[in-house]
Protein chains: 2
Amino acid sequence: MELNERKRKILNTIINEYISTAEPIGSRHIAKHADLGLSSATIRNEMADLEEMGYLEQPHTSAGRIPSDKGYRFYVNELMGGYEATQQDIDLLASAMTVKINQFDKVIKQVSMLLSRLTNYTAFLITPEMKHGAIKTIELIPIDNSSVLIVLVTNEGIMRNKRVVLPQGVDSEYIPKISAMLKEKLSGFSLDEIGVKEINEIKNALGENGELLFPVIEFISEIIDDIQKETEVYLSGVSNIFNFPEYRDIDRAKEFIEFLDDKNSVTKAISNSQEDDDRVINIKIGKENDMDIMQNSSLVTANYHLGGRSVGKIGIIGPTRMNYSKVVANINQISKYLEKLLEEMYFDNNGE
Amino acid sequence: MELNERKRKILNTIINEYISTAEPIGSRHIAKHADLGLSSATIRNEMADLEEMGYLEQPHTSAGRIPSDKGYRFYVNELMGGYEATQQDIDLLASAMTVKINQFDKVIKQVSMLLSRLTNYTAFLITPEMKHGAIKTIELIPIDNSSVLIVLVTNEGIMRNKRVVLPQGVDSEYIPKISAMLKEKLSGFSLDEIGVKEINEIKNALGENGELLFPVIEFISEIIDDIQKETEVYLSGVSNIFNFPEYRDIDRAKEFIEFLDDKNSVTKAISNSQEDDDRVINIKIGKENDMDIMQNSSLVTANYHLGGRSVGKIGIIGPTRMNYSKVVANINQISKYLEKLLEEMYFDNNGE
DNA sequence: TATTAGCACTCAAGAGTAACGAGTGCTAAC
DNA sequence: GTTAGCACTCGTTACTCTTGAGTGCTAATA
């Protein structure tokens, strides 16, 4: 069966209406609102076709139709129009733009907060992974006799730090020495290149009596491994989901909150989205998500960039009945805004 | 009216039963289970008295009684017995004890996670405020030409760091100089002591051409101010609240999640608990909380200590119908466990 | 041949009703 | 002071009935 122009129009109307009302849409409603000059009976026939083709579903016989995941997918790919920003959106963004932020953590919070307020969904932001960059700085700062702060900076401007307790028996007077050594030996290496060979080289360079420090070197290389893998997830507007009838059911809501509670599963769900084209917004609708718990939710993510390179992800989570065009537009705006803030942070005074 | 032994026993039984069943407790139930050798009619009279005295409430005429906030308060102060750890509790703690943690952030996560798993409520942990300690280290680490990492360590072992963008026009080659200067001039000062005087001293010490750096000094002193005030809140087990019938109502649940969503309000609610005796567990029941949104919830907090000094807070949030004795016992265990982990972190290899 | 009017049918949601039962307060007897 | 007894209250549950939105199918129409 062919998906002709008329069917597309009807499908489009149904999805648009359903997105804004959350009520199954009946044929009479379409006949009245879609301005097709057709009777409800004709539309009924078309709707039956669309259902047969898999774009629509019927919750029960005497209800109207709702879009299936396939329906949403087609809508997102082919039908959905551009989103016209409301005055409220514009005001919100404009007032955000006026704020000058000079603290990195505040940038993150501001941006995820803004995205959740714009979209009314739950927004997230994932900090960059470190693995790609080359080490620019590695530094150990003594905190007390047993613990140090390890600071790692890559040439991409990504910084991570971690407070750790050193293995027993390390005299704190060696810390500066170790720090300098690490810096010298590891600078320029990509994080995923650091292997046994490089570590051994450091060990050798420690010279006589250096063996005492071997455990520290081992230890630090493990921590670097850890740091490399870690990313942080910031959530904002978690309670927004309660605004949607989809989550008025307490068990659905519980499931969702449980999912968000576990940052690991969130990271996993988000990183599953393929990176084919990292400039494009990635949309996963319902069952397109691998995780069980996401089968009734959609995920819209974008990679944000810095110096031409994708460094982290930003996006929103919500019900499959989502205002995709608005969300896509908002994420575009916000990721640009984020990139602008980051540019300022990283390159503003630089000749780079 | 006197709160005699019999009334106390009845009240105690009602509260214990209500805590475990969440159902209003009737006189017949007490007659059967409390082993008082009294008929339900007598108990009925006593319950009417207890209600008159304000310890009990009746949801409606034909229901049993439930404890009022005053009832819980009396229970917590006078009636509640010690909690006997279950095998499950013991196993959970024991397995946690075997894990050796050497990363500070993991300690925090582990502890709050453990507390929420033990209690089945939502647990939180607030990191120490910095204001009391004296500055031991202050260091600026260049990240790129425009941003630096500011690291602050107090003599109490509390560390905070923040990545910031420096004001325009600061050449990065001055960073080490500024860093050394700050360290020299500010070491030993308590954070809340740093005022205009100290800042001016640094400015003067910059010598000729130092004026160019004045904005940076000003800027950094503002950031220090910020750092001083900030604490972080870690939540764990947010979805636990869905296990309680109190929050089966979607609007109550929404309210609760909204509250937790806003870290500021959480911090505020928690820091409101007075610090009269910082060794004692602080319990705020229902209306004893200042915040509107907490009127139907209870907050149990403890200060955790390091080197004899209270440094942060740990605790749980849940419905007023809470298993107080279990929660108190668990928080005690966990704050000891946390202190042990922190001791290891801070003082293990030290002569301190 | 495509469209439409008409109609019987389905089914969720809401309103109304009745029965149930847990629990109470009060009274009178012990 | 305690208790048995009883009328009363009121939330909960189950059931029935009605309503109405929406459907699919058929036959008439353009």
Side-chain angles (χ1 to χ4, degrees), chain A residues 1-11 13-15 17-18 20-53 55-68 71 245-246 248-249, chain B residues 1-11 13-15 17-18 20-68 71 245-246 248-250:
Chain A
M1 205 178 319
E2 195 208 356
L3 198 59
N4 58 25
E5 192 52 31
R6 195 167 76 182
K7 283 197 174 61
R8 293 167 64 108
K9 254 193 186 145
I10 291 172
L11 182 57
T13 312
I14 291 174
I15 297 184
E17 289 289 310
Y18 184 64
S20 66
T21 64
E23 299 287 338
I25 309 297
S27 54
R28 217 175 102 84
H29 185 98
I30 299 295
K32 279 192 177 167
H33 292 79
D35 205 28
L36 290 162
L38 292 172
S39 75
S40 64
T42 310
I43 293 177
R44 220 144 44 231
N45 290 326
E46 295 287 46
M47 282 166 80
D49 288 352
L50 284 167
E51 183 174 352
E52 205 184 316
M53 295 163 83
Y55 296 105
L56 294 177
E57 285 169 359
Q58 219 174 355
H60 54 86
T61 10
S62 73
R65 302 302 207 292
I66 61 173
S68 65
E246 281 81 346
R248 296 301 293 184
D249 174 60
Chain B
M1 206 179 314
E2 196 209 354
L3 197 58
N4 58 25
E5 192 52 31
R6 196 167 77 182
K7 283 197 172 62
R8 291 167 66 110
K9 254 192 186 146
I10 292 173
L11 182 57
T13 311
I14 291 175
I15 298 184
E17 290 288 308
Y18 184 64
S20 65
T21 64
E23 298 289 339
I25 309 297
S27 54
R28 219 174 99 86
H29 186 96
I30 301 295
K32 278 192 178 167
H33 293 79
D35 206 27
L36 289 162
L38 292 171
S39 75
S40 65
T42 309
I43 294 178
R44 217 140 50 228
N45 290 328
E46 295 287 45
M47 283 165 81
D49 289 350
L50 285 166
E51 183 174 353
E52 206 182 316
M53 294 162 84
Y55 296 106
L56 294 178
E57 284 170 359
Q58 221 175 353
H60 53 86
T61 12
S62 73
R65 302 302 206 294
I66 61 172
S68 65
E246 281 81 346
R248 297 300 294 184
D249 174 59
I250 202 92

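What you see is a predicted model, and the numbers here were worked out from it, not measured in a lab. Labels below follow one simple rule: chain letters A, B, ... track the order of the sequence lines, proteins then strands, and each chain is numbered from 1.
A sub-4.0 Å separation between OP1 or OP2 of C:dG21 and a side-chain N or O of B:Arg28 is absent. Put simply, A:Thr42 has a side-chain N or O that comes within less than 4.0 Å of OP1 or OP2 on C:dT4.
Toward the 5' end of DNA chain D, the nearer of the two residues A:Gln58 and B:Leu38, judged by each one's closest nucleotide, is B:Leu38.
No option in A:Glu23, A:Glu52, A:Glu51 other than A:Glu51 meets the salt bridge (charged side-chain N to carboxylate O under 4.0 Å, His left out) test with A:Arg65.
For the pair B:Glu23 CD and C:dA22 C1', the computed distance is 11 Å after rounding to whole Å. Between A:Asp49 atom CG and C:dT3 atom P the separation is 11 Å, expressed in whole Å. In this structure, A:Lys7 atom NZ and C:dA2 atom C1' are separated by 12 Å, rounded to whole Å. Distance, A:Leu36 CG to C:dA2 P: 18 Å, rounded to whole Å. In this entry the distance linking CG of A:Asn45 with P of C:dA5 reads 13 Å, nearest Å.
Using a 4.0 Å heavy-atom criterion, one finds that A:Ser27 contacts the sugar-phosphate atoms exclusively. Among the protein residues, A:Ala41 comes within range of the nucleic acid bases, having at least one heavy atom under 4.0 Å from a base atom.
No hydrogens or angles considered: a donor-acceptor pair under 3.5 Å links the side chains of B:His29 and B:Glu17.
In 5' to 3' order, the nucleotides of DNA chain D bounding all contacts with chain B (an atom under 4.0 Å from a heavy atom) are D:dT2 to D:dG11.
Comparing C:dG23, C:dA5, C:dT10 by their nearest atom to the side chain of A:Thr61 picks out C:dT10.
At most 12 non-hydrogen atoms from other residues, nucleotides or ligands lie less than 6.0 angstrom from CZ of A:Arg28. The neighbour count for B:Lys7 NZ, taken as heavy atoms of other residues, nucleotides or ligands under 6.0 Å away, is above 12.
Taking CE of A:Met53 as the reference point, atom CG of A:Leu50 lies at 6.5 Å (rounded to 0.5 Å). In this structure, the separation between CD1 on B:Ile15 and OG on B:Ser68 is 7.5 Å, given to the nearest 0.5 Å.
In this structure, A:Ser40 contributes its side chain and A:Ala31 its backbone to no donor-acceptor pair below 3.5 Å.
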